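One structure is given here, and the rest of the page talks about it.
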Amino acid sequence: LAPALAARANPLEAVADARKAANARFLLGPIALARGRLAALRRELDDDAATLDDAALRERLTSATLDCTNPRDSLEMYSNAREVCTLAILARSATSGPAARRDAASRESVDVFRTLDACRASFEALERVLASSAAGERERDAAFDACDAALLEFALRVLACFGFDDARARDAMAAVPGAFADPSAARRSNAS
């Protein structure tokens, strides 16, 4: 057998590849969820009939950011001792295991944590914009766009930790399309 065929014939490698693909889908799912929840919140706020009081807005934003800004009340007491931000937990799993293992100084690990910081910063900026009575639609749209772009970049960096070849990376992206949707497509659908 040719080496490529022999490698595919190894059942242990096939199991390892399937597990790695499943781990990638598992880690990318919450990113897709966050992007979807942020888009839904944006649509809700764009609806002129929508009236969200401060508590409801805070709850929706906390849900959309997966507890990365202000953790839900049920998690707040844990946040002093443990990380409750879902994206931070995903970043740790994608870099130091169990989903994937990367050296802490590797480019992939550094990129994941850099983009995690960008996500948190964009969430905090969105929170400030939504809390400000002086912020207009343009500032709000820019803040939502920044969150979406940061989440897309985070998804790409998490995916890179798995070291997939191009075909497997495309398969992983297709399995969780919400994590990789074009941000400009969301803006166009919001505009219509």
Side-chain angles (χ1 to χ4, degrees), residues 23-45 57-76 78-80 82-100 102 104-132 135 138-162 164 169 172-173 175-187 189-190:
N23 285 340
R25 286 191 306 272
F26 180 77
L27 293 185
L28 295 168
I31 301 168
L33 178 67
R35 290 185 78 197
R37 285 180 178 173
L38 281 167
L41 177 60
R42 184 180 198 171
R43 284 190 302 274
E44 187 174 356
L45 292 172
L57 181 58
R58 181 177 183 265
E59 181 181 321
R60 292 237 180 47
L61 189 57
T62 295
S63 175
T65 63
L66 305 176
D67 299 300
C68 290
T69 52
N70 293 311
R72 287 171 279 161
D73 293 338
S74 60
L75 294 175
E76 194 163 2
Y78 296 110
S79 68
N80 294 325
R82 294 180 167 238
E83 180 63 74
V84 297
C85 169
T86 301
L87 298 181
I89 295 166
L90 298 178
R92 190 175 60 238
S93 183
T95 56
S96 58
R102 294 283 174 189
S106 72
R107 182 180 52 81
E108 293 86 1
S109 290
V110 170
D111 285 350
V112 163
F113 287 102
R114 177 185 51 77
T115 56
L116 171 63
D117 290 343
C119 286
R120 283 182 158 157
S122 69
F123 295 159
E124 290 167 1
L126 176 61
E127 190 173 46
R128 284 190 302 275
V129 166
L130 294 177
S132 170
R138 182 175 296 156
E139 291 86 2
R140 191 184 76 206
D141 285 346
F144 272 109
D145 289 346
C147 289
D148 194 50
L151 283 165
L152 173 59
E153 188 64 23
F154 182 68
L156 291 167
R157 298 302 145 219
V158 167
L159 182 62
C161 286
F162 287 92
F164 291 131
M173 292 170 85
V176 190
F180 300 99
D182 178 9
S184 61
R187 283 192 301 276
S189 70
N190 282 342

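Keep in mind that the numbers below use all heavy atoms, side chains included, and drop hydrogens, waters and symmetry copies. Just so you know, these numbers come straight off a predicted model, no measurement behind them.
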| task | Decide yes or no on side chain to side chain contact (heavy atoms under 4.5 Å, CB included) for D148 and L38, but give the supporting numbers first. | result | CA-CA 8 Å; D148 194 50; L38 281 167; over 6 Å; no
| said: Please determine whether side chain to side chain contact (heavy atoms under 4.5 Å, CB included) holds for the pair D182 and L152, giving the CA-CA distance in whole Å, both sets of side-chain angles, and the decisive distance to 0.1 Å. | reply: CA-CA 8 Å; D182 178 9; L152 173 59; over 6 Å; no
| query | Got F123 and E127 here, is their nearest side-chain heavy-atom distance under 4.5 Å? | reply | no
| Of all heavy-atom pairs between F162 and R102, which one has the smallest distance, and what is that distance? | C-NH2, 4.0 Å
| task | Check whether any side-chain heavy atom of L130 sits under 4.5 Å from a side-chain heavy atom of L45, and report yes or no. | result | yes
| said: Using modelled atom types and a 3.5 Å cut-off, is there a donor and acceptor pairing between side-chain atoms of S132 and backbone atoms of R128? | reply: no
| message | Quick one, L156 and F180 - any side-chain contact, counting heavy atoms below 4.5 Å? | response | yes
| task | Answer yes or no for C68 and C85: SG-SG distance under 2.5 Å. | result | yes
| message | Quick check: do R35 and P183 have side-chain heavy atoms less than 4.5 Å from each other? | response | yes
| Quick check: does any side chain N or O of T62 sit under 3.5 Å from a backbone N or O of E59, one acting as donor and the other as acceptor? | no
For residues 109-116, which side-chain N or O atoms pair as donor and acceptor with protein atoms under 3.5 Å away, sequence neighbours left out?
unit_1: S109; atom_1: OG; unit_2: D103; atom_2: O; d: 3.0
unit_1: S109; atom_1: OG; unit_2: S106; atom_2: OG; d: 3.2
unit_1: T115; atom_1: OG1; unit_2: D111; atom_2: O; d: 3.0
unit_1: T115; atom_1: OG1; unit_2: V112; atom_2: O; d: 3.0

| note | Heavy-atom nearest pair, A34 first then L66, reads CB-CD1, 3.7 Å
| task | Answer yes or no: is there a side-chain heavy-atom contact under 4.5 Å between L28 and M173? | result | no
| Electrostatic pair E124:R120 at N-O distance under 4.0 angstrom | no
| Sub-4.5 Å side-chain heavy-atom contact between T69 and L126 | no
| field | Heavy-atom side-chain proximity of T65 to L87 below 4.5 angstrom | value | no
| task | May I ask you to test the L27-V176 pair for a side-chain heavy-atom distance under 4.5 Å? | result | no
